[in-house]
Amino acid sequence: MEAGSTKQITVVEHLLLHQKKSPAATGKFTQLLYDLILAAKLITRSVNKAGLLDVLGGTGEVNVQGENVQKLDEYANQVLIHRLERSGALCLMASEENPEPISIPSHLPKGDYILVFDPLDGSSNIDVNINVGTIFSIMRRKSASTSEVNPNELLQPGYQQVAAGYFLYGPSTMMVYSTGQGVHGFTLDPSVGEFLLSHPNMTIPNSGAIYSVNEGNHAYWDAPTRRIVESFKAHDNPQKKPYSTRYVGSLVADFHRTLQYGGVFMYPLDHKNPEAPRGKLRLLCEASPLAFLAEQAGGAASSGTGRILEIVPEKLHQRVPLYIGAKADVAFAEAQLRQG
Ligand code: AHG
Ligand code: MN
Ligand code: MN
């Protein structure tokens with residue numbers, strides 16, 4: 001980007017320019033995004049200085065997912081809850097780190113939006129200075145705003161999301177979001193403290209030849225999953241040539257690469273627990289928001305048996321297998337799984 005350009009667009013300006021003009025618009029959605037951005041800037045500040053502050057390592061606690069809570073998980077979670085409960089735009093929130101939905105304290109103003117988030121994705125990477133992120137999903141309540149919201153209103157299928165996106169805390173901090181009108185990426189310019197449009201209209205190329213999976217789980221995979229990965233390494237795949245492997249282990253980072261370079265990211269079902277085979281990733285705070293972005297970018301997202309965005313969640317912390325990326329690669333994986 002040209003230094004000192006007078007034509008740079010901030011994310012809030014972009015939102016105001018592109019959102020559907022409605023006479024009923026209250027400005028609450030813009031406020032919600034503004035507060036999310038402020039929370040992300042605060043998280044960026046701590047992530048950037050992680051080695052210098054006392055924020056590395058675990059808290060000694062295990063969260064509802066059965067995973068070790070990192071100090072930065074807890075910090076990011078608290079920052080998001082504190083900022084967003086004051087936005088006036090929300091009636092309900094849910095976080096990967098909280099077992100139950102989070103209600104808005106009665107003394108604070110409310111709105112009609114519901115926010116679900118993964119405060120710090122990839123947090124096992126933070127101690128070794130590898131990219132982490134924050135993922136968010138925004139829905140609208142279905143019931144009238146005059147009544148108390150039912151926590152089950154969180155359980156909406158992904159196609160009903162009003163907006164979704166993520167912040168990537170990498171060499172630079174980025175925000176990528178969609179309100180259903182394409183996917184747009186912004187880079188934080190730390191010198192002015194603003195996210196500036198750097199990646200308008202992002203689309204997933206169909207020609208990428210990268211597969212991304214934790215192959216250390218091979219021993220726990222079923223036959224079709226093994227076949228899919230073998231095919232990506234050989235010639236019988238959509239590109240008709242062996243793919244490269246890339247795997248960061250931070251979903252936001254792996255997705256961000258897939259969004260720009262194409263190919264496929266997968267976290268398939270595995271049999272680590274033979275009594276309860278399952279996918280690892282969370283439907284509401286990970287798979288669904290990224291599926292919304294993937295489809296908006298011309299790609300696809302599947303559980304292996306169907307479109308992620310059509311799954312009606314049964315519970316807040318439901319997990320799901322995920323195949324996400326270029327349409328051809330996702331369709332290829334689905335076809336293999338159908339064959340069994
Ligand atoms: P989180 O840090 O929010 O718990 O998410 C971790 C997730 C995701 O970021 C990543 O794709 C996946 O876990 C990696 O899992 P493996 O270590 O099993 O590969
Ligand atoms: Mn995560
Ligand atoms: Mn997390």
Side-chain angles (χ1 to χ4, degrees), residues 39-40 43 46-47 50 55-59 61-81 93-99 102 115-137 164-170 210-221 225 229 245-259 263-273 277-291 293-294 301 303 308 316-325:
I43 297 169
S46 286
V47 168
V55 290
L56 294 182
T59 61
E61 281 162 31
V62 173
N63 68 10
V64 59
Q65 322 283 345
E67 294 158 354
N68 295 327
V69 178
Q70 304 294 309
K71 287 182 194 165
L72 267 171
D73 278 325
E74 200 166 272
Y75 172 77
N77 198 33
Q78 280 169 11
V79 167
L80 281 157
I81 294 172
M93 281 188 278
S95 162
E96 182 197 78
E97 298 298 332
N98 293 52
I102 305 161
L115 174 73
V116 184
F117 55 89
D118 178 353
L120 205 66
D121 172 68
S123 56
S124 67
N125 277 324
I126 189 75
D127 285 1
V128 285
N129 200 14
I130 288 176
N131 302 4
V132 289
T134 296
I135 308 175
F136 62 89
S137 160
Y166 57 83
F167 296 92
L168 171 62
Y169 312 109
I210 297 172
Y211 77 96
S212 183
V213 69
N214 182 347
E215 225 164 330
N217 289 330
H218 185 270
Y220 303 111
W221 289 342
T225 305
V229 173
T245 318
R246 297 282 186 275
Y247 190 73
V248 179
S250 285
L251 177 61
V252 168
D254 282 314
F255 178 77
H256 190 67
R257 182 199 55 249
T258 307
L259 179 59
V264 63
F265 169 88
M266 50 202 256
Y267 208 112
L269 175 144
D270 66 52
H271 295 260
K272 261 186 202 153
N273 175 358
R278 62 167 202 188
K280 175 180 181 182
L281 298 174
R282 278 64 44 140
L283 174 60
L284 279 159
C285 66
E286 294 178 321
S288 191
L290 298 188
L293 295 175
S303 64
I308 291 283
L316 173 55
H317 295 288
Q318 183 169 334
R319 295 172 191 256
V320 69
L322 178 65
Y323 297 81
I324 191 165

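Just so you know, ligand 1 is whichever comes first in the structure, and atom 1 is the first atom listed for that ligand. One is the number of the first residue; the rest follow in order along the sequence.
Using cut-offs of 30° and 60° on the angle between ring planes, the pair Tyr247 and Phe265 is parallel.
Using a 4.0 Å cut-off between heavy atoms, Asn214 contacts ligand 1 through its side chain alone, with no backbone atom that close. Residue-level proximity to ligand 1 for Ser250 is carried by the backbone, the only part with a heavy atom below 4.0 angstrom. Contacts between Leu120 and ligand 1 below 4.0 angstrom, taking non-hydrogen atoms only, involve the backbone exclusively. Contacts between Gln70 and ligand 1 below 4.0 angstrom, taking non-hydrogen atoms only, are absent altogether.
Compare Asp254, Asp121, Val132 by their heavy atoms: the one nearest to atom 9 (O) of ligand 1 is in Asp121.
Shortest contact from atom 14 (C) of ligand 1 to any protein heavy atom: Tyr247 OH, 3.3 Å. For atom 10 (C) of ligand 1, the closest non-hydrogen atom of the protein is Gly249 O, 3.4 Å. The shortest contact between atom 18 (O) of ligand 1 and any protein heavy atom is with Tyr267 OH, 2.5 Å. Of all protein heavy atoms, the one closest to atom 7 (C) of ligand 1 is Leu281 CD2, 3.9 Å. Nearest non-hydrogen protein atom to atom 13 (O) of ligand 1 is Lys280 NZ, 3.1 Å.
Shown in contact with Glu286 at under 4.0 Å from a heavy atom are these atoms of ligand 1, numbered in order with element: 3 (O), 5 (O). The Asp118 neighbourhood of ligand 1 comprises atoms 3 (O), with distances under 4.0 Å to a heavy atom of that residue. Of all atoms in ligand 1, listed by their number and element, those nearer than 4.0 Å to a heavy atom of Leu251 are 8 (C), 9 (O), 10 (C), 11 (O). Per-residue contacts place Gly122 under 4.0 angstrom from the following atoms of ligand 1 (heavy atoms of the residue considered): 1 (P), 2 (O), 3 (O), 5 (O), 9 (O). Using a 4.0 Å cut-off to heavy atoms of Ser123, the atoms of ligand 1 that qualify are 2 (O). Heavy-atom contacts of Arg282 reach the following atoms of ligand 1: 1 (P), 3 (O), 4 (O), 5 (O) (cutoff under 4.0 Å).
Here the CG-CD distance, from Leu120 to Gln70, works out to 8.5 Å after rounding to the nearest 0.5 Å. The distance from the CG atom of Asp118 to the CG atom of Leu284 is 12.0 Å, given to the nearest 0.5 Å. Between the CG atom of Asp73 and the CD atom of Glu97 there is a distance of 4.5 Å, given to the nearest 0.5 Å. Distance NZ/Lys71 to CD/Glu61: 12.0 Å, rounded to 0.5 Å.
The heavy-atom pair separating Pro277 from Leu269 by the smallest distance is CB-CD2, 4.0 Å. Pairing each heavy atom of Ile324 with each of Phe255, the nearest pair is CD1-CE1, 3.6 Å.
Between Tyr267 and Asn217, the side chains place a donor N or O and an acceptor N or O closer than 3.5 Å (distance only, hydrogens not considered).
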| request: Show the numbers, then the answer: is there a side chain to side chain contact (heavy atoms under 4.5 Å, CB included) between Thr134 and Leu80? | output: CA-CA 10 Å; Thr134 296; Leu80 281 157; 4.0 Å; yes

| said: side chain to side chain contact (heavy atoms under 4.5 Å, CB included) for Thr258 and Ile210? Distances and angles first, verdict last. | reply: CA-CA 8 Å; Thr258 307; Ile210 297 172; over 6 Å; no

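Between Lys272 and ligand 1, not a single N/O pair is under 3.5 Å apart. Backbone and side-chain nitrogen or oxygen atoms of Phe265 are examined, and none is located within less than 3.5 angstrom of a nitrogen or oxygen of ligand 1. At under 3.5 Å, not a single nitrogen or oxygen of Ser124, backbone or side chain, sits near a nitrogen or oxygen of ligand 1.
Ser303 places no side-chain N or O within donor-acceptor distance of the main-chain N or O of Val320, the cut-off being under 3.5 Å.
Between Val132 and Ile43, the closest side-chain pair of non-hydrogen atoms is not below 4.5 Å. Contact annotation: the side chain of Lys280 never approaches that of Lys272 to less than 4.5 Å [non-hydrogen atoms, C-beta and beyond]. Considering only heavy atoms from C-beta on, Ile126 comes within 4.5 Å of Val47 through its side chain.
Distances under 2.8 Å from the Mn ion (ligand 2) pick out the protein N/O/S atoms Asp118 OD2, Asp121 OD1, Glu286 OE2.
Applying the ring pair (Phe, Tyr, Trp, His ring centres under 6.0 Å) criterion to Phe117, with sequence neighbours excluded, gives no partner residue.
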